[in-house]
S.K.: 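First the structure, then my questions, so here it is.
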Amino acid sequence: MANTNLLKIEFNRVGYDPFIDFLKGICIVLIILNHCIPSELRTQILFPIWGSPAVPIFLMIQVFHFYKKGIDVAKPDFCKMWKRVVRPFLIVEVIILAILLYCEYPDHTIPSSRDIVYILTGGPGAYYPWIYIQFALLLPLFRPFVKVRNVYALIVFILLSQSAEMICAFFSMPEWLYRMSFLRYIFLIYLGFLLATQGFTLNRKTLLLSIVSVASAFLFSYSSFDFSPYFYHVKAWSTCHWICYVYIAFFIILCLKVIYTYINNYAFSAVITQIGKYSYEIYLFQLLYFSCFSEFIINQFSVQDKTLIMIFISTLLCIIPVLLYKQLIGKLKNKEKITK
């Protein structure tokens, strides 16, 4: 008989849930891999199907934390968001801006405002904090849509998501603007709310929907069909459509839950969970690394094919310094407590 506990995903709504950190750890590693694996290789290894879901999972976790204590009591903590998300991101962006301006404008000429905006928003994954902020501001406004009966909420969010797709396609939204907009992620609000109130259950219905969902992701990623005006279709965001998020919620997260259940007592699980605890710090560090240092570092290796070196070295350099820094800070804090 099947173990039904493995067919349902529920996050702990009260207290610490280590699986969330494990999930975040896997996702931040996938984000780093996305930024260091060449696009042709990503296509060959089907990375858009199993690797691209990282950001949608992060956003579902954000929605879960917002709604987990109840719909009516949910409200954004702007002070915490400023301290934990916005301020560190702006500091890193200023550092990146200073380094790139120094390297690319050695004669101290003044760059155009367009160049500055590109530097501040064009880095690998630099759109994510802006999406996070949009979600934080908009989640309270979506409260009436999630309060209705579940089937009606589903219909409403499908209509909203599909309308956003068609508007973006009809007006041929510039890719840079689409990249910075929350519109492609609207359906994740419904899925995150579902996770916070009911959890995800894999049954015949959701399995069938997941199959349709992953088939759609394959079509968007690997076919040459023109999906406009029904979907805004750009290869870089091929799986960022509402229909593609279903298999991420009901299948990929479930698979990771099963893996976590079986390896929970092993050191590998503890390492991934530790990475997940500092996933945002690692994200910021990889943003700095890939924007300013990765090309220089990889070019120091005198081999013809640098793909594997790029993947291996970049992944380690984005993660290990942050873990060591956090470990050092923790030891200093403990030492300070003892001396007091």
Side-chain angles (χ1 to χ4, degrees), residues 1-34 45-69 150 187-215 217 239 244-283 315-316 318-320 322-323 326-327:
M1 190 172 180
N3 186 349
T4 56
N5 290 329
L6 295 181
L7 300 178
K8 186 176 177 84
I9 306 162
E10 284 187 294
F11 290 173
N12 188 0
R13 299 184 186 91
V14 180
Y16 174 65
D17 187 343
F19 175 62
I20 295 179
D21 278 337
F22 178 84
L23 201 56
K24 290 161 64 178
I26 293 291
C27 288
I28 192 61
V29 171
L30 289 175
I31 287 172
I32 294 170
L33 291 176
N34 184 53
I45 63 175
L46 304 181
F47 191 86
I49 307 302
W50 57 268
S52 296
V55 170
I57 290 175
F58 270 123
L59 292 173
M60 274 190 271
I61 292 173
Q62 179 187 354
V63 178
F64 165 81
H65 282 307
F66 184 80
Y67 286 124
K68 67 180 180 181
K69 294 181 181 178
N150 192 42
F187 196 67
L188 295 174
I189 297 175
Y190 170 75
L191 292 173
F193 170 77
L194 200 66
L195 182 59
T197 54
Q198 302 177 25
F200 296 144
T201 302
L202 187 67
N203 50 37
R204 290 182 179 178
K205 184 190 299 183
T206 54
L207 178 60
L208 178 60
L209 291 174
S210 296
I211 293 172
V212 173
S213 177
V214 74
T239 57
C244 300
Y245 299 142
V246 177
Y247 85 94
I248 297 173
F250 291 96
F251 185 74
I252 286 188
I253 295 181
L254 173 67
C255 289
L256 292 173
K257 177 67 174 180
V258 172
I259 292 171
Y260 175 76
T261 301
Y262 283 108
I263 70 170
N264 187 28
N265 295 324
Y266 293 90
F268 175 77
S269 176
V271 171
I272 296 297
T273 302
Q274 192 73 2
I275 291 172
K277 284 183 180 179
Y278 307 121
S279 58
Y280 189 65
E281 291 87 341
I282 293 172
Y283 156 78
T315 303
L316 292 181
C318 289
I319 294 174
I320 292 179
V322 176
L323 295 184
K326 287 293 183 179
Q327 187 178 35

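Start at 1 with the first residue, then count along the sequence.
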S.K.: Quick one: pull up CH2 in W50 and SG in C255 and give me the separation to the nearest 0.5 Å.
M.R.: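 Here the interatomic distance stands at 13.5 Å.
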
S.K.: Counting only N and O atoms by type, is there a donor-acceptor contact under 3.5 Å from the side chain of S269 to the main-chain atoms of N265?
M.R.: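 Not confirmed, S269 side chain does not pair with N265 backbone.
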
S.K.: Got a second to check how far T206's OG1 is from L7's CG, nearest 0.5 Å?
M.R.: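 Rounded to the nearest 0.5 Å, the OG1-CG separation comes to 9.0 Å.
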
S.K.: Between S213 and L209, is there a donor-acceptor pair closer than 3.5 Å when you use the side chain of the first and the backbone of the second?
M.R.: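 Between the backbone of L209 and the side chain of S213 there is no qualifying donor-acceptor contact (under 3.5 Å).
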
S.K.: Listed by chain and number, what are the side chain to side chain donor-acceptor pair (under 3.5 Å) partners of Y278, not counting sequence neighbours?
M.R.: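 Result, side chain to side chain donor-acceptor pair (under 3.5 Å) vs Y278: none returned.
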
S.K.: Calculate, to the nearest 0.5 Å, the distance between atoms CD1 and OG1 belonging to I282 and T315 respectively.
M.R.: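 So the gap between those two atoms works out to 11.0 Å.
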
S.K.: Write down the atom of L254, the atom of F250, and the distance for their closest heavy-atom approach.
M.R.: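 Where L254 meets F250 most closely, the heavy atoms are CB-O, 3.7 Å.
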
S.K.: I need the I252 CD1 to I57 CD1 distance, nearest 0.5 Å.
M.R.: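 Here the rounded value is 6.0 Å.
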
S.K.: Side chains of L191 and F200: closer than 4.5 Å at any heavy-atom pair?
M.R.: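 They are in contact (side-chain heavy atoms under 4.5 Å apart), so the answer is yes.
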
S.K.: Going through the checks in order, is the ring-ring contact (aromatic ring centres under 6.0 Å, His included) test met by F187 and Y190?
M.R.: CA-CA 5 Å; F187 196 67; Y190 170 75; 5.6 Å; yes

S.K.: Under a 3.5 Å distance rule, please check whether K8 uses its side chain to pair with a backbone N or O of Q198 as donor and acceptor.
M.R.: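 Yes, the answer is positive, given that a donor and an acceptor are paired below the 3.5 Å cut-off.
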
S.K.: With a 4.5 Å heavy-atom cut-off, do L23 and F19 have their side chains touching?
M.R.: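 SC-SC contact between L23 and F19 confirmed.
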
S.K.: Show the nearest heavy-atom pair for residues T239 and C244, with the distance to one decimal.
M.R.: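 Minimum heavy-atom separation between T239 and C244: O-CB, 3.3 Å.
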
S.K.: Give, for atom CE of M60 and atom CD1 of I253, the distance between the pair rounded to the nearest 0.5 Å.
M.R.: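 M60 CE to I253 CD1: 4.0 Å, rounded to 0.5 Å.
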
S.K.: Is there a donor-acceptor pair under 3.5 Å between the side chain of D17 and the backbone N or O of N12?
M.R.: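 Confirmed, D17 side chain pairs with N12 backbone.
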
S.K.: Do Y280 and Y283 have ring centres separated by under 6.0 Å?
M.R.: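 Close enough - the centres of the two rings lie under 6.0 Å apart.
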
S.K.: More than 12 non-hydrogen atoms from neighbouring residues, nucleotides or ligands closer than 6.0 Å to CZ on F268, yes or no?
M.R.: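 Incorrect, the count does not exceed 12.
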
S.K.: So L256 and Y260, side-chain contact (heavy atoms from CB on, under 4.5 Å) or not? Walk me through it.
M.R.: CA-CA 6 Å; L256 292 173; Y260 175 76; over 6 Å; no

S.K.: Could you list the residues that satisfy ring-ring contact (aromatic ring centres under 6.0 Å, His included) with Y245, not counting sequence neighbours?
M.R.: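 Scan of Y245 (ring-ring contact (aromatic ring centres under 6.0 Å, His included), adjacent residues dropped) gives none.
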
S.K.: Checking Y247 now: which residues fulfil ring-ring contact (aromatic ring centres under 6.0 Å, His included) with it, not counting sequence neighbours?
M.R.: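 Partners of Y247 under the ring-ring contact (aromatic ring centres under 6.0 Å, His included) test: none.
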
S.K.: Check residues 24-34 and write down every donor-acceptor pair under 3.5 Å in which the side-chain atom is one partner and the other belongs to a residue at least two apart or another chain.
M.R.:
unit_1	atom_1	unit_2	atom_2	d
N34	OD1	R42	NE	3.4

S.K.: How far does CG of L195 sit from CD1 of I20, to the nearest 0.5 angstrom?
M.R.: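 Between L195 CG and I20 CD1, I get 7.5 Å after rounding to 0.5 Å.
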
S.K.: Using the ring-ring contact (aromatic ring centres under 6.0 Å, His included) criterion, which residues pair with F64? Sequence neighbours excluded.
M.R.: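 Once residues adjacent in sequence are excluded, the partners of F64 under the ring-ring contact (aromatic ring centres under 6.0 Å, His included) criterion are F11.
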
S.K.: Among all residues two or more places apart in sequence or in another chain, which pass the side chain to side chain donor-acceptor pair (under 3.5 Å) test with Q62?
M.R.: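 Q62 satisfies side chain to side chain donor-acceptor pair (under 3.5 Å) with no other residue.
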
